[in-house]
Amino acid sequence: MYKVLIADDEKIIRMGLRGIVDWEALGYEIAGEAATGREVLSKMLELRPDLVMIDIRMPGITGLEALGMARNSGFTGKAIILSGYSDFEYAQEAIDVNVVSYLTKPVDAEKLEKTLTEIRNQLDQEHTDSRTRDIYFKHAREKLLKDIMTGVIDLDDFDEKKDELGLETGPYRVVLAEKYSVHLEDPEYSFSEMIRLSDTELRREKSENAVSGNDTSLFEEIVDDDGYATMLLKGKAAEEKLKGALRRFDMEMPPEKNSPLDTIFLAIGPKVEEAVSIPDSYEVASFYMKNRFFCDKGQHYVSPEHPPYGVEVRDGEIMDNEKYLVDDSMPLETVRLRLLGPYVKMLTESIQVFNRHKLAEGLRNLQEQLYLTNLSVDQIKDLLLDIYLQVKEKVLVLYNKADIPFKADSEAISYIKNAYYLYEIITFISEQSDMIITAIGGSSRDSILDDVVFYIEHNYAFNITLENLAPLFGYNSSYLGKIFSKRMGVNFNTYLDKIRIEHSKELLLSGKAQVYKVAEMVGYKNVDYFHIKFKKYVGISPAEFRKRGKQ
């Protein structure tokens, strides 16, 4: 609805104008009335109507004089002149104060309706044009500021435009803000709104800046193509607001999960004093956002004072080369393979011996290693996914009769690929490993030797020795050998041989594999040695055993 102000010294005329047409149907609402020239001048400046209907002859000052004074004070609304005179002696003066129509009294309803429709169409078009201009200038200004922040444009080339861009007074700091929680589609407020929530002191400072003619904006905000807001904080007041906002995250009690504060994540560049150094702050903030994956649990912001693990900034310079344990020239596939095999082995062995402590320690070591590699976030996710799937495959082979409630591969892949943080993936693998230990019976075993026997039963096909088995359970090989012999009545090697021979007998009777292949399947790399051991414990050769079993 467009606002209308009716001004005439005769009340009956004002009442008649109210009822002569259906104002609402035409897109208008009557915002007020005035009976004198001074009154209409005051209401034009107070109400800022879109249209004023004003009589020429009014007490005090004329309607045209009031309209002229309002124009000089910035009034831009449309005006219709009402007059009882038909000689148009005021036509030129009306033109000077931008009157859009001239109606004589008594006003004809049909002519007034036609005039109001034409004016409404003009107002509609002007509003459309104004919005288009505002959007264009907003985008143009945002593009210019973004180009300045990213160093595409040298601010020295726009030195005379600093005032227009609000960059005349520092310090400056770039902050990238992104939704933190994946659980809320529409967070209650953004970080920029937190910045706007000024306390009394900051409002006073802002008011003083306005009086002195300085820029009153605490920051510029641009919605980035990557989905986060890029904010350029300006001035000491903005710095204080930033400190106040960060204190909300630094309290002893962290933000409640899924609360408005929990929806925010910030990458904060260093403070710079000169506008020409703004790109330096932006570069660091962007680097931090890219390394958000390495943040700790509950860490809602990164800054030069609180960087992600393994990321360091000194005097505004990103010291990322010190992060890597490996030579930058080493092929990434080589880096991946150096981590993949050993950690698959470590996790599988820890699961098999039900050693949750060793498993947790191994995952912590893996996390530390990943902090210090030059693998990208996507490459790290792919590596961790490979580790998880290979461990799962090995466990399914080793414990094929166990009922292990694994997540579907598609679910695990989706979780790891979409994880925001490294610690989330490490936690997922830890929880899955613990679930496996529980499923295969680790939680019910009350003796370390039971665990050793259980491990042998599921790993006899591999190269098991006391020397490589004992460390998995936290013992030295000599001591484990003594307590094993005492508990089992035979030494370790004899027990292992018996287990292998028993399984080889099953394979010989149930399949057609050649004897040398059966030997390999139960852990004997030398078929002659297998023959010796088999005959020792069974009394006949493997071939003879198979022949007799099939008779």
Side-chain angles (χ1 to χ4, degrees), residues 179-185 227 257 290-297 331-371 373-444 454-455 457-462 472 521:
K179 189 196 315 185
Y180 170 86
S181 174
V182 297
H183 304 289
L184 293 182
E185 294 182 0
K257 188 174 183 179
K290 291 175 183 176
N291 282 275
R292 169 185 177 176
F293 181 69
F294 299 102
C295 288
D296 294 330
K297 186 175 182 179
L332 295 178
E333 181 62 17
T334 302
V335 176
R336 194 183 78 85
L337 292 175
R338 285 191 175 187
L339 294 171
L340 179 62
Y343 279 102
V344 168
K345 183 175 184 291
M346 178 278 299
L347 287 172
T348 306
E349 289 180 343
S350 297
I351 289 170
Q352 290 178 282
V353 299
F354 316 120
N355 194 332
R356 287 179 170 86
H357 175 74
K358 184 176 179 62
L359 190 144
E361 183 180 8
L363 286 174
R364 281 197 299 271
N365 290 336
L366 173 58
Q367 189 169 355
E368 293 288 325
Q369 289 287 316
L370 292 174
Y371 282 140
T373 70
N374 56 354
L375 296 175
S376 69
V377 170
D378 286 340
Q379 289 166 338
I380 288 174
K381 288 182 177 181
D382 288 341
L383 170 64
L384 291 171
L385 180 59
D386 284 346
I387 289 174
Y388 168 75
L389 293 176
Q390 287 195 27
V391 170
K392 177 181 176 181
E393 182 180 1
K394 288 180 179 296
V395 168
L396 286 173
V397 171
L398 289 169
Y399 307 99
N400 52 71
K401 295 181 180 180
D403 183 17
I404 306 175
F406 281 110
K407 290 185 179 295
D409 285 355
S410 59
E411 188 177 352
I413 291 169
S414 177
Y415 182 87
I416 291 175
K417 289 286 191 180
N418 295 315
Y420 271 66
Y421 298 99
L422 175 59
Y423 76 79
E424 292 176 329
I425 304 176
I426 296 296
T427 300
F428 170 79
I429 294 175
S430 176
E431 291 172 347
Q432 288 292 294
S433 300
D434 188 73
M435 176 272 295
I436 298 168
I437 290 175
T438 300
I440 63 178
S443 60
S444 64
F454 189 82
Y455 182 87
E457 286 282 355
H458 291 85
N459 292 273
Y460 59 85
F462 302 103
L472 295 177
M521 293 169 70

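Reckoned from all heavy atoms, side chains included, excluding hydrogens, waters and symmetry mates. If you read the sequence from its start, that first residue is 1, and numbering goes on from there.
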> Listing request: all salt bridge (Lys or Arg N to Asp or Glu O under 4.0 Å) pairs with a residue in residues 423-436, at least two apart in sequence or in separate chains.
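The answer is Arg356-Asp434.
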> Where do Val397 and Asn400 come nearest, in terms of heavy atoms and distance?
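Looking at all heavy atoms of both residues, the shortest contact is O-ND2, 3.2 Å.
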> What is the distance from atom NZ of Lys381 to atom CD1 of Ile425, rounded to the nearest 0.5 Å?
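It is 6.0 Å, given to the nearest 0.5 Å.
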> Please round to the nearest 0.5 Å and tell me the distance separating atom CD1 of Ile351 and atom CD1 of Ile436.
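Spacing of CD1 (Ile351) from CD1 (Ile436) equals 4.0 Å.
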> If every non-hydrogen atom of Ile437 is compared with every non-hydrogen atom of Ser350, which pair is closest and at what distance?
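Nearest heavy atoms, Ile437 then Ser350: CD1-O, 4.3 Å.
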> Going by ring-ring contact (aromatic ring centres under 6.0 Å, His included), name the residues that satisfy it together with Tyr343, two or more places apart in sequence or in a different chain.
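ring-ring contact (aromatic ring centres under 6.0 Å, His included) check on Tyr343 returns nothing, list empty.
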> For residues Arg338 and Thr334, determine if any side-chain heavy atom of one lies less than 4.5 Å from a side-chain heavy atom of the other.
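Result yes, sub-4.5 Å side-chain heavy-atom pair found.
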> Mind checking side-chain hydrogen bond (donor to acceptor under 3.5 Å, both in side chains) for Gln390 and listing every partner two or more places apart, or none if nothing turns up?
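Not a single residue meets the side-chain hydrogen bond (donor to acceptor under 3.5 Å, both in side chains) criterion with Gln390.
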> Mind checking the CG-CD spacing from Asn355 to Glu349? Nearest 0.5 Å is all I need.
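With rounding to 0.5 Å, CG (Asn355) is 10.5 Å from CD (Glu349).
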> So how far is it from Leu359 CG to Arg364 CZ, rounded to the nearest 0.5 Å?
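One gets 10.0 Å once the value is rounded to the nearest 0.5 Å.
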> Who passes side chain to side chain contact (heavy atoms under 4.5 Å, CB included) against Ser376, sequence neighbours left out?
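Counting only residues at least two positions away or on another chain, Ser376 forms a side chain to side chain contact (heavy atoms under 4.5 Å, CB included) with Asp378, Gln379.
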> Listed by chain and number, what are the ring-ring contact (aromatic ring centres under 6.0 Å, His included) partners of Tyr415, not counting sequence neighbours?
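By the ring-ring contact (aromatic ring centres under 6.0 Å, His included) rule, Tyr415 matches Phe428.
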> Which distance, rounded to the nearest 0.5 Å, do you find between the CG of Leu366 and the CD1 of Ile380?
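Taking CG in Leu366 and CD1 in Ile380, the distance rounds to 9.5 Å.
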> Name all residues meeting the side-chain hydrogen bond (donor to acceptor under 3.5 Å, both in side chains) criterion together with Ser414; count only those two or more places apart in sequence or in a different chain, and write none if there are none.
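Residues passing side-chain hydrogen bond (donor to acceptor under 3.5 Å, both in side chains) with Ser414: Asn418.
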> What residues form a ring-ring contact (aromatic ring centres under 6.0 Å, His included) with Tyr460, not counting sequence neighbours?
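Here the qualifying residues are His503.
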> Run the side chain to side chain contact (heavy atoms under 4.5 Å, CB included) check on Phe293 and Leu370 step by step: do they pass?
CA-CA 11 Å; Phe293 181 69; Leu370 292 174; over 6 Å; no
> Minimum heavy-atom separation for Tyr388 and Phe406, please, with both atom names.
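Closest approach of Tyr388 to Phe406: OH-CD2, 4.0 Å.
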> Should Ile387 and Leu383 count as side-chain neighbours, where that means a heavy-atom distance under 4.5 Å?
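Sidechains of Leu383 and Ile387: in contact.
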> Is there a side-chain contact between Glu457 and Phe454 (heavy atoms, below 4.5 Å)?
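In short, these two side chains do not touch, never coming nearer than 4.5 Å.
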> Under the side-chain hydrogen bond (donor to acceptor under 3.5 Å, both in side chains) rule, collect the residues that match up with Lys290, sequence neighbours excluded.
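Result, side-chain hydrogen bond (donor to acceptor under 3.5 Å, both in side chains) vs Lys290: none returned.
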> Could you tell me how the ring of Tyr423 sits relative to the ring of Tyr421: parallel (under 30°), tilted (30 to 60°) or perpendicular (over 60°)?
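Geometry flag for Tyr421 against Tyr423: parallel rings.
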> Identify the two heavy atoms, one from Ser433 and one from Leu347, that lie closest to each other, and give their separation to 0.1 Å.
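The answer is OG-CD2, 4.4 Å.
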> With salt bridge (Lys or Arg N to Asp or Glu O under 4.0 Å) as the rule and sequence neighbours excluded, what pairs involving residues 408-422 come up?
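Applying salt bridge (Lys or Arg N to Asp or Glu O under 4.0 Å) to every pair that reaches into residues 408-422, excluding sequence neighbours, yields Asp382-Lys417, Lys392-Asp409, Lys407-Glu411.
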> Determine, for Glu361 against Lys358, whether the closest basic-nitrogen to carboxylate-oxygen distance falls under 4.0 angstrom.
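Lys358 and Glu361: not salt-bridged.
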> Taking the side chain from Ser430 and the backbone from Ile426, do they hold a donor-acceptor pair closer than 3.5 Å?
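Checking the backbone N and O of Ile426 against the side chain of Ser430, no donor-acceptor pair under 3.5 Å is found.
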> Tell me, please, which residues at least two apart from Thr348 pass side chain to side chain contact (heavy atoms under 4.5 Å, CB included).
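For Thr348 the side chain to side chain contact (heavy atoms under 4.5 Å, CB included) partners, ignoring immediate neighbours, are Val344, Gln352, Val391, Lys394, Leu398.
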> Applying side chain to side chain contact (heavy atoms under 4.5 Å, CB included), name anything that partners Ala402, two or more places apart in sequence or on another chain.
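Ala402 satisfies side chain to side chain contact (heavy atoms under 4.5 Å, CB included) with Tyr399, Ile404, Ile440 once adjacent residues are dropped.
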